[in-house]
Amino acid sequence: MTSKVETLAKLYLQGESAEISEEAKNELCDWLMSEFQQLPINVQFSDYMRYETTQDMFADIEQGQLWESAESYDSAIYPNPFYGFAFLAIHDYDHYRTISDFSLEGEIIAYKLTAKRAPSLEIQKILYSEIVLKTATYLYLGHTPETKIIFP
């Protein structure tokens, strides 16, 4: 029997990269900037810091700060790495808001909260690819997959 992780990972791995319009990229970036500016914490860039557990991350958030690792900012849809940094901070804060972990189920819970605030269906689909499908692929492969946006 195929697991949910494997099914979603194969969608990501076998899927063709979606074409994202310039309008959608701009809408995504504008929305990310707005969401980032509303975060009630101090988000810090780090070359090496990576949370192994949500408990460690939540403890830092409780102290008013969050570290984001530099290793996963790149994406073809962002005009510069800051938007990837902002996306990770928003997403991690949604983990905190939903008290969800880094399992596939926890990522889906955090995704649902973020998706409710997304300005369009296309942005929801991008978020689904970035959060749910990419996480399933990471869990399936044991390492970060090549970054792409998939609309299954």
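Numbers here simply count residues along the sequence, with the first being 1.
- No cation-pi contact links Lys134 to Tyr12, judged by a cut-off of 6.0 Å to the six-membered ring centre and 45° from its axis.
- Inter-residue side-chain proximity for Thr98 and Tyr111 is flagged as unmet; no heavy-atom pair is nearer than 4.5 Å.
- Rounding to the nearest 0.5 Å places CE of Met33 at 4.0 Å from OH of Tyr83.
- Between Ile99 and Phe58, the closest side-chain pair of non-hydrogen atoms falls below 4.5 Å.
- For the pair Ala115 and Gln124, the tightest heavy-atom approach, listed with the atom from each and the gap, is O-NE2, 3.0 Å.
- The two atoms that bring Leu127 and Ala118 nearest to each other are CD1-CB, 4.0 Å, heavy atoms only.
- The closest side-chain heavy-atom distance from Arg117 to Trp31 is below 4.5 Å.
- Scanning all heavy atoms of the two residues, the minimum distance from Ser17 to Lys148 falls at OG-CB, 3.3 Å.
- Between the Gln65 side chain and the Asn42 main chain, no donor and acceptor come within less than 3.5 Å of each other.
- A search for salt bridge (charged side-chain N to carboxylate O under 4.0 Å, His left out) contacts involving Lys4 returns nothing, not counting sequence neighbours.
- For the atom pair CD (Glu6) and CG (Leu13), the distance works out to 10.0 Å, reported to the nearest 0.5 Å.
- Atom CD of Gln38 has more than 12 neighbouring heavy atoms from other residues, nucleotides or ligands inside a 6.0 Å radius.
- No hydrogens or angles considered: nothing links the side chains of Tyr51 and Asp92 as a donor-acceptor pair under 3.5 Å.
- Taking each heavy atom of Ile20 and Ile149 in turn, the nearest pair found is CD1-CG2, 4.0 Å.
- Of all the heavy atoms in Cys29 and Tyr78, the pair that sits closest is SG-CD2, 4.5 Å.
- Between the side chains of Tyr96 and Glu62, a donor-acceptor pair is found at a separation under 3.5 Å.
- The CZ atom of Phe85 lies 10.0 Å from the OG atom of Ser46; values are rounded to the nearest 0.5 Å.
- Expressed to the nearest 0.5 Å, how far CG of Leu32 lies from CD1 of Ile123 amounts to 8.0 Å.
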Problem set entry | Criterion side-chain contact (heavy atoms from CB on, under 4.5 Å) on Asp60 and Asp56, from CA distance to verdict | CA-CA 7 Å; Asp60 276 356; Asp56 292 340; over 6 Å; no

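- Distance check: Arg97 CZ to Ile61 CD1 gives 11.0 Å after rounding to the nearest 0.5 Å.
- Ring geometry for Phe102 versus His95: interplanar angle over 60°, hence perpendicular rather than tilted (30 to 60°).
- Side-chain contact between Ile126 and Phe87: absent, with no pair of heavy atoms (C-beta onward) separated by less than 4.5 Å.
- Glu122 places a side-chain heavy atom less than 4.5 Å from the side chain of Phe151.
- The neighbour count for Lys25 NZ, taken as heavy atoms of other residues, nucleotides or ligands under 6.0 Å away, is above 12.
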For a quick test of your reading: what N or O donor-acceptor pairs under 3.5 Å do the side chains of residues 136-143 make, sequence neighbours left out?
from: Thr137; atom 1: OG1; to: Leu133; atom 2: O; distance (Å): 2.8

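- Separating the NZ atom in Lys125 from the CD1 atom in Ile150 is a distance of 12.0 Å, to the nearest 0.5 Å.
- No continuous path of ILVMFWY side-chain contacts below 4.5 Å connects Leu113 to Tyr128, so the two sit in separate hydrophobic clusters.
- No continuous path of hydrophobic side-chain contacts links Ile109 to Met57 [ILVMFWY only; heavy atoms under 4.5 Å].
- The minimum heavy-atom distance linking Ala89 with Val43 is given by the pair CB-CG1, 3.7 Å.
- Listed by chain and number, the residues in a side-chain contact (heavy atoms from CB on, under 4.5 Å) with Ser103 are Asp101, Glu105 (sequence neighbours excluded).
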